[in-house]
Student: 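Pasting a structure here, questions to come.
Treat the numbers as computed from the prediction; the structure is a model and nothing was measured. Counting convention: from 1, in listed order, for ligands and their atoms alike.
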Amino acid sequence: MNKQSRRYFIQKIGATATMLPLLAPLDLFADSAGHQNQPMLRVALMGLGNYASRVAKAMQDCKFAKITGLISGTPEKLRDWGSTYDVPEKNRYNYSNFDQIKNNPDIDAVYIITPNALHHSQTIRVAKAGKHVICEKPMAVSVEEGKEMVDACKKANVHLLIGYRMHFEPKTLEIHRMRANDELGAINFFQGQCGFKIGNPNQWRLNKDLAGGGSLMDIGIYAVNGARYMVGEEPIWVTAQEIKTSREKFKEGVDETILFQLGFPSGAVASCLSTYNMNFLDRFFLSGDRGFAELQPATGYGPIQGRTSKGPLTQAHTEHQTLQMDAMAQIILKDHKPTIAVDGEEGLKDLYILEAIYNACKTGARQEILLPQPHK
Ligand code: NAD
């Protein structure tokens, strides 16, 4: 219960501040918007870096999720974040002792927001502790690892959800709705352009051991994932070409720029660009027999902007991470089914396609893609 909701709850029951300790074990929530007695998903954030800062701020506006735990290797961060977000010392952990969350009834789920290559082992440890896992994209750095994560979470009977925030973004969902309702006609073409010029050459994103690759793992994954939910099918083949202007900055195994093409069972094709060396690339375009849809920016933190052949998209902006965490709380606590899946199997499909793109770059040959499940 955050401070605001706690205050509202106290007002509601006419209690005084002296009764606060009696309320501590409650995980029910009543907010000023009248969502009374809603269960709250109690989340521990793991990896208190840039993106976690954004998530933490956005979660202050969540109705169904709240921060109750912190995991970091830096004691000062645990102290500072602990006081900012009202997380008691007993709910703060480091990377050596976080398995102990097993015995902490204040934590339902852990949101893993660390470098990509750490997601695999951290997910498995969280699952073994019996807590639900929310894991940032890419869920892992190989198909093999992704499969192990899905299996570990199944075995532990916990949810595994991947941080695909665009799956809850209103303009994206409107295009998805139009396409699913056949308002754009048969889809023929998708274009996804995702990239930015990356700075500091010493960051983990340019270290193969921590990132698992380069731009494709980090930003190109939005085009891969977007192609799938925009077209509404799973790709069956890929061709790809890699371009590298600096072998010093973008070392072996760290891709700078990749162009890739996807083919879908209906005959639709996608043409995509992933890059760490060009700016102002954040655009989706979908072409159907009877209409088009365009998003630009398509995957930034927003506001997302777009139009379709029917006119501009006018859905209001809300912080993506607020929408995502509220929706994920509903998935975990109430078994809600999102319009576009965000589970481990969804993340795993992207890993299959990423691997196929890398293989196509290496071999120069078209790669067939056989995904484990049909489109959800
Ligand atoms: P970051 O470098 O800002 O933060 C990473 C955090 O992990 C830091 O606090 C760092 O101290 C910690 N960490 C733990 N072990 C580490 C190790 N061995 N080496 C380096 N750091 C270690 O990175 P970020 O931008 O917050 O990205 C974290 C994850 O979030 C990545 O998987 C990234 O793809 C994902 N991300 C997702 C979005 C999105 O929109 N969904 C946006 C940004 C980042």
Student: In terms of relative ring orientation, are His167 and Tyr164 parallel, tilted or perpendicular, with 30° and 60° separating the classes?
Tutor: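 Taking Tyr164 first and then His167, their aromatic rings lie parallel (interplane angle under 30°).
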Student: Heavy atoms only: give me the nearest Ala65-Met40 pair and the separation to one decimal.
Tutor: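 Between these two residues, the closest heavy atoms are O-CE, 3.7 Å.
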Student: Relative to the heavy atoms of Gly163, which atoms of ligand 1 are at a distance of less than 4.0 Å?
Tutor: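 In order of number, 41 (N).
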Student: Output the list of atoms in ligand 1 that are nearer than 4.0 Å to some heavy atom of Lys77, sorted by atom number.
Tutor: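 Ligand 1 atoms under the 4.0 Å threshold to Lys77: 9 (O), 11 (O).
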Student: For Glu256 versus Glu242, what's the shortest heavy-atom pair and its separation?
Tutor: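 Distance-wise, the nearest heavy atoms are N-OE2, 4.3 Å.
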Student: I'd like to know if Tyr222 contacts ligand 1, where contact means a heavy-atom distance under 4.0 Å to any ligand atom.
Tutor: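 Under 4.0 Å: yes for Tyr222.
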Student: Please determine whether a side-chain nitrogen of the Lys or Arg among Glu346 and Arg228 lies less than 4.0 Å from a carboxylate oxygen of the Asp or Glu.
Tutor: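 A salt bridge links Glu346 with Arg228.
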Student: Would you mind listing which atoms of ligand 1 come within a distance below 4.0 Å of any non-hydrogen atom of Tyr95?
Tutor: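 Those atoms are 12 (C), 14 (C).
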Student: So is Tyr301 in contact with ligand 1, going by heavy-atom distances below 4.0 Å?
Tutor: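 A heavy atom of Tyr301 does come that close to ligand 1.
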Student: Run the contact test for Arg205 against ligand 1 with a 4.0 Å cut-off on heavy atoms, strictly below, and give the result.
Tutor: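 Flag set, Arg205 near ligand 1.
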Student: To the nearest 0.1 Å, how far is atom 29 (C) of ligand 1 from its closest protein heavy atom, and which atom is that?
Tutor: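 Checking every protein heavy atom, the shortest distance to atom 29 (C) of ligand 1 gives Thr114 O, 3.3 Å.
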Student: Below 4.5 Å, heavy atoms only, C-beta onward: do Val133 and Tyr111 meet side chain to side chain?
Tutor: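 Val133 does not reach Tyr111 side chain to side chain.
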Student: Considering Ala117, Pro115, Gly212, Gly47 one by one, which has a heavy atom nearer to atom 13 (N) of ligand 1 than any of the others?
Tutor: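 The option holding the nearest heavy atom is Pro115.
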Student: May I ask you to identify the nearest protein heavy atom to atom 3 (O) of ligand 1, giving residue, atom name and distance to one decimal place in Å?
Tutor: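 Here the nearest protein heavy atom works out to Asn50 N, 2.8 Å.
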Student: Does Gly73 have a heavy atom less than 4.0 Å from any atom of ligand 1?
Tutor: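 No.
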Student: How far is atom 2 (O) of ligand 1 from its nearest protein heavy atom, and which residue and atom name does that atom have?
Tutor: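 Result for atom 2 (O) of ligand 1: Trp204 NE1, 2.8 Å.
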Student: Determine, considering heavy atoms only, which of Thr74, Leu210, Asn116 sits nearest to atom 32 (O) of ligand 1.
Tutor: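 When every heavy atom of Thr74, Leu210, Asn116 is considered, Asn116 comes closest to atom 32 (O) of ligand 1.
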Student: Looking at ligand 1, does any of its N/O atoms fall within less than 3.5 Å of an N/O of Gly49?
Tutor: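 Checking ligand 1 against Gly49, an N or O pair does fall under 3.5 Å apart.
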Student: Quick check on atom 37 (C) of ligand 1 - does any protein heavy atom sit closer than 4.0 Å to it?
Tutor: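 Given the 4.0 Å cut-off, atom 37 (C) of ligand 1 counts as touching protein heavy atoms.
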Student: So does Glu145 pair up with Lys147, basic N to acidic O under 4.0 Å?
Tutor: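 A salt bridge is absent here (no side-chain N lies under 4.0 Å from a carboxylate O).
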Student: Would you call Glu252 and Lys208 a salt bridge, using N to O less than 4.0 angstrom?
Tutor: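 No, no charged N to carboxylate O under 4.0 Å.
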Student: Hydrophobic side-chain clustering at under 4.5 Å (ILVMFWY, transitive links): who's grouped with Trp204? Put none if nobody.
Tutor: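 So far as hydrophobic clustering goes, Trp204 is joined with Leu118, Leu210.
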Student: Who gets closest to atom 5 (C) of ligand 1 by heavy atom: Ile113, Asp209, Ile162, Ile221?
Tutor: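 Heavy atom nearest to atom 5 (C) of ligand 1 belongs to Ile113.
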Student: Is it true that Lys63 and Asp326 make a salt bridge, defined as a side-chain N closer than 4.0 Å to a carboxylate O?
Tutor: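 No, no charged N to carboxylate O under 4.0 Å.
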Student: Answer yes when Arg79 and Glu76 have at least one side-chain N-carboxylate O distance shorter than 4.0 Å, and no when they do not.
Tutor: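 Looking at Glu76 together with Arg79, the answer is no, because their closest N to O distance does not fall below 4.0 Å.
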Student: Identify, by atom number and element, the atoms of ligand 1 in contact range of Glu136, meaning under 4.0 Å from any of its heavy atoms.
Tutor: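 Result: 30 (O), 32 (O), 35 (C), 36 (N), 37 (C), 38 (C), 39 (C), 41 (N).
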Student: Counting from 1, what ligand 1 atoms have a heavy atom of His119 closer than 4.0 Å?
Tutor: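 Counting atoms of ligand 1 from 1, those under 4.0 Å from His119 are 32 (O).
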Student: Are Phe196 and Tyr276 near enough that their ring centres are under 6.0 Å apart?
Tutor: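 Yes, the ring of Phe196 comes within the 6.0 Å limit of the ring of Tyr276, centre to centre.
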Student: Could you pull out the closest heavy-atom pair between Asp182 and Arg290, with the gap in Å?
Tutor: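 For Asp182 versus Arg290, the nearest heavy atoms are O-NH2, 2.9 Å.
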Student: Tell me which protein heavy atom sits closest to atom 34 (O) of ligand 1, plus the residue, atom name and distance to 0.1 Å.
Tutor: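 The answer is Lys137 O, 2.8 Å.
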Student: Quick one: does Met217 get within less than 4.0 Å of ligand 1, heavy atoms only?
Tutor: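 Met217 does not count as a contact of ligand 1 under the 4.0 Å cut-off.
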Student: Under 4.0 Å from any heavy atom of Leu118, which atoms of ligand 1 are there?
Tutor: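 Going through ligand 1 atom by atom, the ones under 4.0 Å from Leu118 are 15 (N), 16 (C), 17 (C), 18 (N).
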Student: By number and element, which atoms of ligand 1 are closer than 4.0 Å to a non-hydrogen atom of Arg165?
Tutor: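 Matching atoms, with element in brackets: 39 (C), 40 (O), 41 (N).
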Student: How far is atom 26 (O) of ligand 1 from the closest protein heavy atom, and which atom is that?
Tutor: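 The closest one turns out to be Tyr51 N, 2.9 Å.
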Student: Could you tell me which non-hydrogen atom of Gly214 sits nearest to which non-hydrogen atom of Tyr358, and how far apart they are?
Tutor: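 Between these two residues, the closest heavy atoms are N-OH, 3.5 Å.
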Student: Write out all pairs satisfying salt bridge (charged side-chain N to carboxylate O under 4.0 Å, His left out) with one or both partners inside residues 117-127, taking only residues at least two apart or from two chains.
Tutor: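 Output for this query lists Asp99-Arg125.
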Student: By number and element, which atoms of ligand 1 are closer than 4.0 Å to a non-hydrogen atom of Asp218?
Tutor: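 What qualifies from ligand 1 is 34 (O).
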